[in-house]
Every structure is written in C-alpha cells, then in structure tokens.
Amino acid sequence: MTMAEHRSRLRILDELDAPMLWTEIEARQPRAATVLARPTPWRHRAPTIVVAVAVAVAGTLFAVRALAPTGRVASLDTSTWSTREIVEMRLAFSYPSEWHLQPVDERLGRAEMIGSVVSNIDHRFLHPDLGPNSSTSAWDLRGLPDDAVVLSIEHVEAIGLPPRGDTDRPLDLDRAQRSVGQYVDPGWVGRWLPFGLAGMHDSVFFLFGPEATEHDREVARRIVASIRPIPG
Amino acid sequence: VVQDAPVTEAKRALERVYVEQGAKLWRALVAYTGDPDLASDSLAESFAQALARGTAIREPGSWVWTAAFRIATGQLKERGRTLSSPAPERTTHLPEPIADLIAALVQISPKQRMAVVLHDYADRPTDEVARAIGASRATVHVHLSKGRRRLRQLLGDDDG
C-alpha cells in the first residue's frame with residue numbers, strides 16, 4: 001500500500017458527521033483538573049534529573065563509540081549480503097550485514113519520502129530542522145566521521161512528474177552528478193544519481209567521507225549496482 | 001469596552017478555529033479514542049480551556065489540537081480504558097468501514113495511533129504532533145513508521 005492509499009483510507013473518517021458543539025463550549029465551565037501540561041514540583045523532578053544526567057553521560061559515551069567505524073570489514077561477495085525490499089518503490093537491493101540500514105517512510109510538507117539509508121556507521125540520520133513551515137528531504141550529514149560512507153536510496157513523491165522510463169541496469173555510481181543544497185561539512189561533496197525503475201522517479205544520494213576507504217567505496221558501488229525491480 | 005476588546009477578539013479567533021477545524025478535530029479524536037462521546041468532551045473541554053485563557057494563547061489552532069489530544073489521553077487513563085478494547089458500545093453505530101478502521105487503530109499503541117491520526121489524517125505539522133505526544137520530532141517519525149506498518153498489517157494489506 002502506498003502512502004497515498006494509506007492517507008486515502010484514513011480520509012474515510014471525513015464521512016463521520018461531527019456534532020455542533022460551539023454552543024456547549026460557550027456555556028461550559030472548564031474543569032479545574034484538566035490534564036494539560038502541568039508543572040511538576042521540583043522535588044518530584046529530582047530523581048528524574050539524576051536519571052537524566054546518568055542517561056546523558058551513558059548516551060554520550062555510546063554515541064562516541066557508535067559513530068566510530070564498525071571495525072568489521074564488509075564482504076565484497078554480494079551473494080552473502082542481506083536483501084532489502086521496498087515494496088512502495090517496487091525495488092530491492094542488497095547490502096552487507098556489517099553495514100547499517102535505516103528504513104525511511106515519512107512525510108515532508110506535502111511530499112512523501114520512502115526509501116532506505118545504508119551506511120558503514122551506526123548513526124540515526126535526520127533531516128535538518130528548518131522550522132515549522134519548511135522541510136527538506138536532504139539529510140543532515142554534518143559531524144560524521146571522516147571515513148563515513150552514506151547511501152540514501154529514496155523516492156520522494158512529488159506532484160506532476162510523468163512516468164519515467166527505466167534506466168539501464170546495473171546502475172553505475174560513477175555516473176552520479178554533484179549534488180547541491182546538501183547539509184554536509186565543508187569540503188565534503190554529496191552526489192546524486194537519479195534513475196527510473198518501474199515507471200518511478202527514484203534516486204540515490206551518496207556521500208563519501210574524505211577518509212573513506214576504497215573498500216567501502218566499492219561496497220557502495222555494489223549496493224547501487226544491486227538495485228533491481230521486484231514484481232509489482 | 002476597550003478592556004474587553006482583546007478578549008472578544010480572542011474569542012472570535014477561537015470561534016473561527018472551531019468553524020474551520022472543529023469537525024476535523026472531532027473526527028481525529030474519534031479515531032484516536034474510538035469513542036465519539038469522549039471525543040466531544042475532549043474537544044469541548046479544550047476549547048473551553050482556550051476561551052478561559054483568552055489572549056494568553058498566541059496560536060489557538062495549534063493549542064486546541066494539542067490540548068484536546070492531551071485531554072483525551074488523560075480521560076482514557078482516568079477511565080482505565082486500555083484501548084485494546086475498542087469501546088464497542090460506542091462504535092457499533094458507526095458506518096462499517098469506519099468502525100473497521102477504528103477497530104484497527106485502537107490496536108496499535110497510543111503514541112503510534114496519535115502520530116498516525118494527527119500527521120497522516122489531520123495533516124498536523126510534525127512539531128505539533130511532537131508536542132501532543134510529548135516527544136521529539138525524530139521519535140514522532142519512528143512512531144509514524146511503526147504505526148503505519150502495524151496498521152497495514154491489521155488491515156490485511158501488508159505485502160512486505
């Protein structure tokens with residue numbers, strides 16, 4: 001089921017007849033003990049603060065370790081790799097089990113973004129916070145380790161794009177173009193490889209850190225080359 | 001009269017919010033609670049609270065959505081309703097497709113359900129959903145992803 005179908009299914013709720021409550025609202029005396037965000041007395045917060053500090057310290061230590069390279073070298077033998085199917089994109093790809101995969105299925109303003117981020121670092125990828133009225137499908141890739149390799153295989157559902165012919169496979173990462181408007185550290189260059197598959201407009205955004213090994217770059221190339229359609 | 005003017009203006013602004021968004025908010029609350037009566041009470045209470053606060057509320061639209069869902073959550077806890085029971089006595093008179101949808105919704109966790117209903121049905125911004133749930137934006141996205149997947153499974157159309 002696509003995001004559009006998911007939303008369409010929820011819109012059946014619009015058939016419910018809502019009661020007219022304004023007259024009741026005007027006459028209503030608000031309850032004194034309504035459950036809203038109520039301030040908690042400081043003494044009640046003390047245990048929470050202690051726990052929060054402990055968690056923050058542990059989290060910092062964990063983040064330092066998690067952002068470091070995994071230390072395990074991924075096999076280049078794609079027959080041993082895991083398979084990720086993205087039904088909404090009608091595609092599958094393979095990736096080594098030593099790498100990390102983050103599924104993507106989210107709404108950005110009026111657009112839907114589906115896909116997966118694959119990386120040689122264990123990191124939770126987020127979009128930059130552009131405030132309440134703006135959003136972007138770009139990832140915030142600042143502050144990553146110098147040997148990071150990040151691939152985002154993604155589909156952003158936009159309005160008005162005609163069906164696209166399929167791109168010749170296997171996809172070749174070396175044919176990617178320089179990406180602009182990305183959130184990366186100075187000196188880092190993101191690249192972008194658009195492609196058509198099963199009539200859809202998809203793309204791979206990728207980023208190699210300046211110290212990324214040739215081995216990990218080759219893993220990335222093979223991941224992209226493994227992108228294939230699945231039966232609709 | 002001069003002193004009352006801002007209060008009157010605040011009330012008008014709130015009434016405008018009700019006219020434009022009240023029905024959608026009520027339906028979203030029904031989807032979240034599975035209970036039309038509880039939805040009505042939560043909605044009315046949130047607007048009544050907003051009226052009492054007058055000009056102290058800068059964004060009444062966002063405020064009543066967040067307050068209504070927090071009130072509904074509190075009401076559910078007070079009633080001891082786990083929402084693994086979909087309040088069948090309340091939903092039986094709903095049209096069948098809607099009752100089926102709500103029956104599925106009440107089987108996913110409250111935070112996932114709130115995220116799906118507010119974000120995917122009501123088109124509320126992620127920041128507001130995060131405030132209603134009491135979580136970060138990133139956590140909201142996790143709730144959304146898991147909630148959508150679970151809902152698809154429950155409705156029998158998860159092919160992945």
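So that the names make sense, note that chain A is the first sequence line, chain B the second, and so on, each numbered from 1. Any value given below was found using the heavy atoms of this structure, including those in side chains, with hydrogens, waters and symmetry copies removed.
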Are any of the side-chain nitrogens in Lys11(B) or Glu26(A) under 4.0 Å away from the carboxylate oxygens of its partner? yes

Under a 4.5 Å cut-off applied to non-hydrogen side-chain atoms, are Lys24(B) and Leu13(A) in contact? no

Do Glu106(A) and Leu144(B) have side chains that get closer than 4.5 Å, going by heavy atoms? no

To the nearest 0.5 Å, atom OG of Ser145(B) lies from atom CD of Gln102(A) at 9.5 Å

Looking at Asp120(B), Thr126(B), Asp127(B), which one has more heavy-atom pairs under 4.5 Å with chain A than the rest? Asp120(B)

Could you check whether any side-chain N or O of Tyr18(B) sits under 3.5 Å from a backbone N or O of Leu21(A), counting only pairs where one atom can act as donor and the other as acceptor? yes

With a 4.5 angstrom heavy-atom cut-off, could you sort out which part of Glu24(A) is near chain B: side chain, backbone, both or neither? side chain

Leu151(B) versus chain A, the contacting section by heavy-atom distance below 4.5 Å: side chain

Output yes when Arg149(B) and Asp105(A) qualify as a salt bridge under the 4.0 Å nitrogen-oxygen rule, no when they do not. no

Can you label the angle between the Trp22(A) ring and the Phe47(B) ring as parallel, tilted or perpendicular, going by 30° and 60°? perpendicular

Taking all non-hydrogen atoms of both residues, which atom of Arg27(B) and which atom of Leu16(A) are closest, and how far apart? NE-O, 2.7 Å

Determine, for Asp123(B) against Arg11(A), whether the closest basic-nitrogen to carboxylate-oxygen distance falls under 4.0 angstrom. no

Smallest separation among heavy atoms of Pro19(A) and Trp26(B), with atom names: CD-CE2, 3.3 Å

Tell me, side chain or backbone of Glu128(B) under 4.5 Å from chain A's heavy atoms, or both, or neither? neither

Non-hydrogen atoms of chain B under 4.5 Å away: do they reach the side chain of Leu126(A), the backbone, both or neither? side chain

Below 4.0 angstrom, N of the basic side chain to O of the carboxylate: do Glu88(A) and Arg152(B) qualify? yes

Asp14(A), part contacting chain B, at a heavy-atom distance under 4.5 Å: both

Chain B contacts, top residue of Arg124(A), Glu15(A), Arg28(A) (heavy-atom pairs, under 4.5 Å): Arg28(A)

Mind ranking Ala39(B), Ser40(B), Ala28(B) by heavy-atom pairs under 4.5 Å with chain A and telling me who comes out on top? Ser40(B)

Non-hydrogen atoms of chain A under 4.5 Å away: do they reach the side chain of Asp100(B), the backbone, both or neither? neither

Report which part of Arg131(B) has an atom under 4.5 Å of a heavy atom belonging to chain A: side chain, backbone, both, or neither. neither

Among His141(B), Arg137(B), His119(B), which residue forms the greatest number of heavy-atom pairs with chain A at distances under 4.5 Å? His119(B)

For a quick test of reading the model, state the closest non-hydrogen atom pair linking Ile12(A) to Pro97(B) and the distance between them. CD1-CB, 3.2 Å

With sequence neighbours excluded, tell me which residues meet salt bridge (Lys or Arg N to Asp or Glu O under 4.0 Å) with Arg222(A). Glu218(A)

Measure distances from Ala52(B) to the heavy atoms of chain A and classify the residue's part below 4.5 Å as side chain, backbone, both or neither. side chain

Heavy-atom cut-off 4.5 Å, strictly under: side chain, backbone, both or neither for Val30(B) against chain A? side chain

With side chains defined as the heavy atoms from C-beta onward, is the minimum distance between Leu10(A) and Val117(B) less than 4.5 Å? no

